[in-house]
Amino acid sequence: MIYNAGEYDVAVIGAGHAGIEAALASARLGCKTAIFTINMDAVGNCPCNPSIGGTAKGHLVREIDALGGEMGKTADECFLQSRMLNRGKGPAVHSLRAQIDRRKYSSVMKHKIELQKNLDLRQAEITDIKIDDDGTYLLTTRMLAVFKCKAVVIATGTYLGGKIFVGEVSYESGPDGIFPATFLGRSLKDLGLPLRRFKTGTPARVLRSSIDFSELEVQKGDEPPQPFSYETESLGDNKIDCHISWTNENTKQIILENIHRSPLYAGKIEGVGPRYCPSFEDKIMRFKDKPRHQLFIEPCGLDTEEMYMQGMSSSLPEEVQLKFYRTIKGLENCLIMRPAYAIEYDCVDPLAMNATLEFKDFPNLYGAGQFNGSSGYEEAAAQGLVAGINAALKVLGREQVVFTRANSYIGTLVDDLVTKGANEPYRMMTSRSEYRLVLRQDNADERLTPLGYEIGLISEERYNKFLEKQELKKAERKRLEKTVISPSKEVNQILVSHETSEINSGVHLIDLIKRPQLDYKCLAEIDKDRPDLDPNIFEQVEVEVKYEGYIQKQLKQVEQMKRLENRLLPADFDYKNIKGLRLEAQEKLNKIKPLNIGQASRISGVSPADISVLLIYMAQNRQA
């Protein structure tokens, strides 16, 4: 018998990384919120790699934290090892990555949800969504409870219609052997959402004691390790080492001999997989001439003996997996605790959504995370934060927030999804941003904390600390401009030792920092009166000084883009009425309904000539 189980302002379906950020944001903004999960023990689960961050993903985590989200703080609480990637390249692509204790991360996140005011965590499978006569949503659980909700965020991850593939074996399941969401997909199709099938995968987990670490290359963390959150003062010491090994010709030969047993190549998997994170057999088939591939061996936690085989996801049969793993140095006697698998799942076409992540044809219904066609914990959490913020703001009668390509990687991520769509699981990369020198991870707080404060997710105390930090940064810049370093034997010895020229007269400290060979660290002996500041302040000042010309150039590009973003387009306009627009452009513009000229210019199939036609039409019809 169906029964009325209560009412909520915002309901979040799914308690993975997207659902958590959405629910916490909504509750913290004052909305009565529920978050539903099929299994309470899977809240905040990390079914794939036991890490947070990485190239471009570290930027997203810092931005989530700068806005008042939770991922960065929890990653800091559960960190095992921290490393800054891409140090050999420019600061635009420096990205933090942390190995985490995956079970602790899940436990900590679950407890934070349980303690959050205005938020109820409920174990229930949502099987049906209907729109009530008054425009609210009715969510029905498998236990026939019905919840009435003003707004809904769908964050189902890979559970929606989940199906596992290992060789010839396939069965309905979510990740880690948890029940899939079998009925909800049908309900969403009946509702009218455009669903499709995607696929992803995960490597095997191997017993630590079965690995010969003496044969492996050690990968240590940075000292001192850097935190994700601007509120984390110190992480302490790295707790573990990671290791590296390599595949070989024997590994490749086993894959080639058994490729016909891969469900991917046998045509059993319908879903589209991620191009930038392929299965191992896919790597072998694509790059047959490559003699070897790198393998990262990473601990899953301090209280488990499971080791994660980063870079070796597969859907080959279990016995084939064991055979090719044992060809690798250090893994000759390995014991597989959990076999690798591929998982296929339903997700939505993100072109059906606005930049707020609200569905165009379904007011107050939002999507987030892998449900939107993305991949990765960090991409999911970023979208969850956007969806949760906007669902709450809509319910509260406040103006929703649109993140832009000019202010964040979050804005780039969302804009890419809702204007270009996702023909495969979308992965964030630094190359996707046109403004990556401005959108660095070190200045995420400067870009987004004022917005987080305006929204209501940043406390007064934290905001005042942020303002204080900005004043200290300005003072440090002025100190560099005023401080003069006089020539001396000691000074010139230091300069020459770093392969830069001597000085013959007084030089401002800022001019020494501008030299590519020098930085704050190597100038410590010269800079005797340096204040004791947060290392992040020195990092930001140094980057801004060294790259000042490039940053100014990019800021001008941002201003040009903003002018196009300010040219708003009507939401209900029929582009078939504009003569001169190509047919493809008319169809794409009518489907996506861009907010402005800037967004229209990024739609695949809309050419610069089409944009010129649009601008001319707008100029001629400005008054109308």
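Any value given below was found using the heavy atoms of this structure, including those in side chains, with hydrogens, waters and symmetry copies removed.
Side-chain atoms of N590 and D574 form a donor-acceptor pair, as typed in the model, at a separation below 3.5 Å. The closest side-chain donor-acceptor pair between N596 and N566, if any, does not fall under 3.5 angstrom. Of the N and O atoms on the side chains of S374 and Q383, at least one donor lies less than 3.5 Å from an acceptor on the other residue. A donor atom on one side chain and an acceptor atom on the other are not found under 3.5 Å apart for N390 and T356. R62 and N443 form no side-chain donor-acceptor contact under 3.5 Å, judged by distance and modelled atom types alone. A donor-acceptor pair shorter than 3.5 Å cannot be found between the side chains of E434 and Q557.
Every pair passing ring pair (Phe, Tyr, Trp, His ring centres under 6.0 Å) that includes a residue from residues 105-133 is listed here, sequence neighbours excluded: H17-Y105.
Using a 4.0 Å cut-off between a side-chain N of Lys or Arg and a carboxylate O of Asp or Glu, D445 and R462 do not qualify as a salt bridge. The existence of a salt bridge linking E587 and K591 is excluded, since no basic side-chain nitrogen approaches an acidic carboxylate oxygen closer than 4.0 Å.
Contact record, Q554 with R436: OE1-N, 3.5 Å, taken as the closest heavy-atom pair.
Judged by a 6.0 Å distance limit and a 45° cone about the ring axis, R432 is positioned over the six-membered ring of Y426.
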Report, one line per pair, each donor and acceptor closer than 3.5 Å where one atom sits in a side chain of residues 181-194; sequence neighbours left out.
from: S187; atom 1: OG; to: D128; atom 2: OD1; distance (Å): 3.1
from: S187; atom 1: OG; to: I129; atom 2: N; distance (Å): 2.9
from: S187; atom 1: OG; to: I129; atom 2: O; distance (Å): 3.4

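For an aromatic pair to be called close, the ring centres must be under 6.0 Å apart, and F36 with F147 satisfies this.
Under the ring pair (Phe, Tyr, Trp, His ring centres under 6.0 Å) criterion, F359 pairs with no residue, sequence neighbours left out.
Side chains of C347 and Q370 form no contact here, defined as non-hydrogen atoms less than 4.5 Å apart.
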